[in-house]
Amino acid sequence: MDKTYDPHAIETAIYQRWEKQGYFAPQGDGASYCIMIPPPNVTGSLHMGHGFQETIMDALIRYHRMQGRKTLWQVGTDHAGIATQMVVERQLLGQGTNRKELGREKFVEKVWEWKEESGSNITRQLRRMGASMDWTRERFTMDPGLSKAVEEVFIRLYDDGLIYRGNRLVNWDCKLHTAISDLEVVSEEENGSFWYFRYPLLNGATTADGKPYITIATTRPETLLGDSAVAVHPDDDRFKHLIGQQVELPLCNRSIPIIADTYVDPAFGTGCVKITPAHDFNDYEVGQRHKLPMINILTKDGVINENGPIAYQGMDRFDCRKQLVRDMESAGLLEKVEDHKLKVPRGDRTGVVIEPYLTQQWYVAVAELAGPAIAAVENGSIEFVPKNWENTYFSWMRDLQDWCISRQLWWGHRIPAWYDLDGKIYVAPTEEAARKKYQLAADVVLTQDEDVLDTWFSSALWTFSTLGWPEDTEELRTFHPTDVLVTGFDIIFFWVARMIMMTLRFTGEVPFKKVYIHGLVRDGEGQKMSKSKGNILDPIDLIDGIDLESLVSKRTDSMMQPQLASKIEKATRKQFPDGIAAHGTDALRYTYYSLASTGRDINFDMGRMEGYRNFCNKIWNAARYVFMNTEELAPTQPTDKSHYSSADLWIQSRFQLALQKVNENIAVFRFDLVSQAVYDFFWNEYCDWYLELSKPILWDANANEEQKNATRYTLLSVLEQSLRLAHPLMPFLTEEIWQKAAPLLGITGDTIMLQPYPQTDDSIISPAVDAEIEWVKSVILAIRNIRGELNVSPAKTIPVLLSKGSAKDQTHLQANRQYLVKLAKLESITWFDDSALAPPASMQLAGEMEIRVPLAGLIDVKAEQARLGKEIEKLQGEITRVNTQLSNERFVANAPPAVVAKERERLAANEASLLQLNEQLVKLGSL
RNA sequence: AGGCGCGUAGCUCAGUUGGUUAGAGCGCUUCCUUGACAUGGAAGAGGUCACCAGUUCGAAUCUGGUCGUGCCUACCA
């Protein structure tokens, strides 16, 4: 084995072997365990969030697979209607054409081409992460099986009256020419203006203070063209008398009524509100209440249409705004303009301002679906982790609006609805089926609806459509409901809630029993990663490494704002002067786990990743040591337990404790604690102590062969178990080493992946052995402390004198003398029954036992006095604290007896230690 | 405006139902190339647990409030 671990040399080959051998497929007859991947966009690429998510899922999958469960990780991708269509449209633009020129059929063909071409990108990256998903079952939301499920669901919901067509206001994206759902709109505060317009009163009416006009305030002047009324609050004394009067709508040559509605807040603005039912959600409601005309003034492009005055027709909505304000001003009707902050709704894909727009769309009536979906979480059939997300879920579900599912796109599932010439609707999978279902005469002309379904409609069916529904398949029976959904909070509404509703409706089962909600991956400073901030990290770059120039150009390529680019370049050069080193997949994964505590975002820390890369290297080198001692002569399992040294028994016991921690924490998704348990055990116990403790035995010419064999066996078998313990977290490294370790133990099996996970066995846990090795450690630490504090060269062997210990100390000493000599580098160990006879020395305590390193020629008395002084001071502080505590009667009376007893013991022990140290100090002083 | 989080070492984070001297990694200081590993080993330094009040024998932990900070939802034309 090489001296340094080189992940690059092994990872890809190992993965290819796993996949080729079919290890990712469900196996055996165990209880099923299934996770559905949240399908990434088929044309997308892997980012840090994906990396994190897949890493969590893979650990769960590998863990349960090794537990003997029949495990399926269902993989697949999403067609992502809007995102994908936009990418292809942009490409076409580059080729000097566009989708309209191509026509629908050709365009969709192009998208399929692009999907085939780029679709493998993200799946290749998933493989690099080591994700053990069953690629033979890869699905795509638009493949035939899933499309069939989509049709089936649509038709059944329609037939049940839960899907309907309606003419109402939607969020309209003027760039995409499609409706989008509320969830696809992001509102952010922007600087705008508040324009105060005067609407002249007609028929000689005046306001309470005698003005011949009323003033309204608006943030969207252009909507004036579609006004149907002006509203005031019914109890507003300033305007009460005007209710029912007419005002002139400026520039439009028509008059509109003044109406009363409690929607108006008299304290805001002027207390008068222009009402534009066709272009504002609130106004729409008011319009409905008062039966006002809906005047749509915009085309699908956001241009003023024929309903506007001629002067504005054909004008873009924002140009119109400017022109209209100018015109109002010159008409003397602009009272004032104020700066105003307002939330502007924008499409999350296009970034253009969304218009409330009146169109025909398809809707899912969600009320009936929501009930069971709420109940499933209430009664615990579905559990959120962390639990507090359930509140978010409830609050959203209980105030659910009907779901607009039609999109005016070409890429997606075409809506299975046909219209005859009268516009009558027929819903069926095909035209032929429609004729049959509705018994239509052959001469009835049918045309299919042009729209496609919202992408989330098909993803809502993901858990059961991927398993073959609507057929009653073996897979469905075996793997549904799935065990856990691992996803981010940002799509609880988009996806999780809708999956729950649809799955309950169509399978009668919950889609998953648990929902593990993880946090967002941010950069080391807690900033959201984004292109414009230039702080994006690519998981693949962290695995393979990347040189500075490539990183800079990657981060600054295709920047919209060049001044940002130079800033990003500078920051990048400062943060990564040498680029990013290769860390390997296992180190990246481990970093994710270590940061994956629940209920908070993850600030990705490069420093930590380096630490875990080092951990990988540590494992690698520990394995080298083990193989050095076992390769030539494979150890055999000891026939008698007595052959084991106390260190052998200790490390076996410690392994069990680590295993317990791992099991407990995986069950509650605490991967940070899982990773820490493995790290602590392997580095701080196995490497730091056990490997060192094995040396005195293996290198002792006097030790018998049975003892040596037992130690070599323990070295190897604990290593092998540790590899299995860690495999779900670091699959590649563990596989590589296991391949070498397993044969030495006579283990047959082609891969660690399919080996059983280590089994807990309480009989291996031994508090007595644990205490014994703790004793050894404490003595060694005490001696090392003396060495360190007093600067004794580590190369120098030193004598040690022990005294005042208990019988137990003596027993421990006898059994473990060799460990002390080797690990503390001792020349001799002498037991003094009478410490008064001890020569001048530096002293440390291990319990009551005094440990002395004679001073002669080694150390200066002053330094030793200072060291003792420090110890004494610390002890005194502690004694004072405990004394105060114990002299508090109420503490003694109220605290549990065990706690009081503990404090008393502590006081006694500290006082004894203090006495010993003081004596020592006096002794030194007399020199 | 409501809702949910967060605030612990220089940095990134743990800290179970209140109960030893509040932990880890990175960074820092000193020493060490000894036969697994310098991506290493040994020994250290470093924290008024944001602030205030309360409950309690006892609070990083529970309650209330303040400040700071992040996100989500709904929004006033």
Side-chain angles (χ1 to χ4, degrees), chain A residues 1 3-5 187 194 216-220 223 231 263-265 267-276 280-283 342-343 386 388-389 391-392 395-396 399 489-490 492-493 519-520 522 524-526 528 581 583 587 591 594-595 597 599-629 664 668 670 672-673 676 679-680 684 687-688 691-692 695 699 781 784-789 791-795 825 874 877-878 881-882 885 888-896 898-900 902-903 905-906 910:
Chain A
M1 281 170 85
K3 194 168 168 182
T4 305
Y5 171 54
S187 291
F194 216 18
I216 58 93
T218 183
T219 56
R220 295 194 300 151
T223 61
Y263 152 71
V264 179
D265 174 5
F268 187 82
T270 63
C272 303
V273 186
K274 61 193 276 306
I275 301 297
T276 321
D280 182 281
F281 289 101
N282 288 309
D283 292 6
L342 74 162
K343 291 270 179 115
N388 54 319
W389 287 109
N391 294 325
T392 309
S395 68
W396 191 71
D399 185 30
F489 60 86
D490 48 334
I492 289 180
F493 305 144
L520 201 70
R522 301 166 174 279
E525 267 89 53
K528 217 168 177 162
H583 291 82
T591 312
S594 75
L595 295 170
S597 62
R600 75 187 291 161
D601 286 347
I602 293 126
N603 295 349
F604 193 86
D605 183 12
M606 293 288 292
R608 275 183 98 129
M609 187 168 53
E610 273 171 48
Y612 295 121
R613 195 250 340 248
N614 296 352
F615 181 47
C616 292
N617 192 55
K618 189 75 180 176
I619 296 174
W620 182 262
N621 279 293
R624 286 178 64 217
Y625 170 78
V626 173
F627 292 143
M628 244 173 59
N629 288 290
E664 281 161 21
V668 292
R670 286 301 302 271
D672 56 332
L673 300 180
Q676 181 143 25
Y679 186 99
D680 275 349
N684 299 334
C687 290
D688 283 353
L691 294 194
E692 296 308 318
K695 289 173 185 175
W699 297 352
L781 284 172
R784 282 178 182 169
N785 179 262
I786 294 173
R787 287 191 109 109
E789 294 272 327
N791 258 333
V792 178
S793 157
K825 197 142 196 193
K874 224 162 111 186
E878 182 62 10
R881 200 191 62 78
V882 181
Q885 173 101 316
N888 181 346
E889 280 170 36
R890 288 187 303 176
F891 169 72
V892 179
N894 291 314
V899 173
V900 178
K902 229 180 218 175
E903 291 291 318
E905 268 170 42
R906 175 138 45 100
N910 283 334

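Keep in mind that what you see is a predicted model, and the values were worked out from it rather than measured. Labels below follow one simple rule: chain letters A, B, ... track the order of the sequence lines, proteins then strands, and each chain is numbered from 1.
The phosphate of B:rA14 (OP1 or OP2) has a side-chain N or O of A:Ser597 nearer than 4.0 angstrom. Remark: A:Asn391 is not in phosphate contact with B:rG3, judged by side-chain N or O atoms under 4.0 Å from OP1 or OP2.
With sequence neighbours left out, A:Lys695 forms a salt bridge (Lys or Arg N to Asp or Glu O under 4.0 Å) with A:Glu692.
Remark: B:rC67 base-pairs with B:rG7; criterion is Watson-Crick or G-U wobble with both hydrogen-bond distances under 3.5 Å. A 3.5 Å limit on both hydrogen-bonding distances identifies no Watson-Crick or G-U partner for B:rA14. The base-pairing partner of B:rA1, taking Watson-Crick or G-U wobble contacts with both distances under 3.5 Å, is B:rU73. When both pairing distances are held under 3.5 Å, B:rA42 makes a Watson-Crick or G-U pair with B:rU30. Using N1 to N3 plus N6-O4 or O6-N4 for Watson-Crick, or N1-O2 and O6-N3 for G-U wobble, each under 3.5 Å, B:rG58 pairs with nothing.
In the set B:rA14, B:rG70, B:rG19, the nucleotide with an atom closest to the side chain of A:Gln885 is B:rG19. Distances from the side chain of A:Arg670 to the nucleotides B:rG15, B:rG19, B:rA77 place B:rG15 closest. When each of B:rC57, B:rA77, B:rC71 is scored by its nearest atom to the side-chain atoms of A:Phe489, the top-ranked nucleotide is B:rC71.
In this structure, the separation between CG on A:Asp601 and CG on A:Leu520 is 5.0 Å, given to the nearest 0.5 Å. If you take CD1 on A:Ile602 and OG1 on A:Thr591, they are separated by 11.5 Å, rounding to the nearest 0.5 Å. Note that the CG atom of A:Leu595 and the CG atom of A:Asp672 stand 8.5 Å from one another [nearest 0.5 Å].
Taking atom CD on A:Glu878 and atom C1' on B:rA22, their separation rounds to 13 Å, with Å as the unit. Atom CG of A:Asp399 is separated from atom P of B:rU73 by 13 Å (rounded to the nearest Å). Going from atom CZ of A:Arg906 over to atom P of B:rG19 covers 13 Å, rounded to whole Å. Here B:rC71 presents its P atom at 17 Å from CG of A:Asn388, a figure rounded to the nearest Å. Remark: C1' of B:rG23 and CG of A:Asp672 are 13 Å apart, rounded to the nearest angstrom. Regarding A:Arg608, its CZ atom lies at a distance of 8 Å from the C1' atom of B:rA14, rounded to whole Å. Rounded to whole Å, the distance from CD on A:Glu664 to C1' on B:rG15 is 16 Å. Distance OH (A:Tyr263) to P (B:rA77): 8 Å, rounded to an integer number of Å.
At the heavy-atom level, A:Asp265 lies under 4.0 Å from base atoms of the strands shown.
Comparing the P positions of B:rU73 and B:rU66 gives a spacing of 25 Å, expressed to the nearest Å. B:rA9 and B:rG44 are spaced 15 Å apart, taking the C1' atom of each and rounding to whole Å. B:rU8 sits 25 Å from B:rG3 when the P atoms are compared, rounded to a whole Å. Going from the C1' atom of B:rC28 to that of B:rG10 covers 9 Å, rounded to whole Å. Separating the P atom of B:rA60 from that of B:rA36 is a span of 46 Å, rounded to the nearest Å. Taking atom P in both B:rG5 and B:rG46, one finds a spacing of 36 Å when rounded to whole Å. Across B:rA42 and B:rC6, the matching C1' atoms stand 38 Å from one another, rounded to whole Å.
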Reading 5' to 3' through nucleotides 33-45 of chain B, protein heavy-atom contacts under 4.0 Å coded B for base, S for sugar-phosphate only, - for none: --BBBSBSSSSS-
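Residues A:Phe489 and A:Thr392 are not in side-chain contact: their nearest non-hydrogen atoms beyond the backbone lie 4.5 Å or more apart. Side chains of A:Arg624 and A:Lys3 form a contact here, defined as non-hydrogen atoms less than 4.5 Å apart.
Under the stacking definition used here (centres under 5.5 Å, planes under 30°), the residue A:Phe268 qualifies as stacked on the base of B:rC76.
Annotation for A:Ser597 and A:Arg670: closest pair CB-NH2, 3.9 Å, computed over non-hydrogen atoms.
Aromatic ring orientation, A:Tyr612 versus A:Tyr679: perpendicular (interplanar angle above 60°, classes split at 30° and 60°). Taking the six-membered ring for Trp and thresholds of 30 and 60 degrees, A:Phe268 and A:Phe194 have ring planes inclined between 30 and 60 degrees apart.
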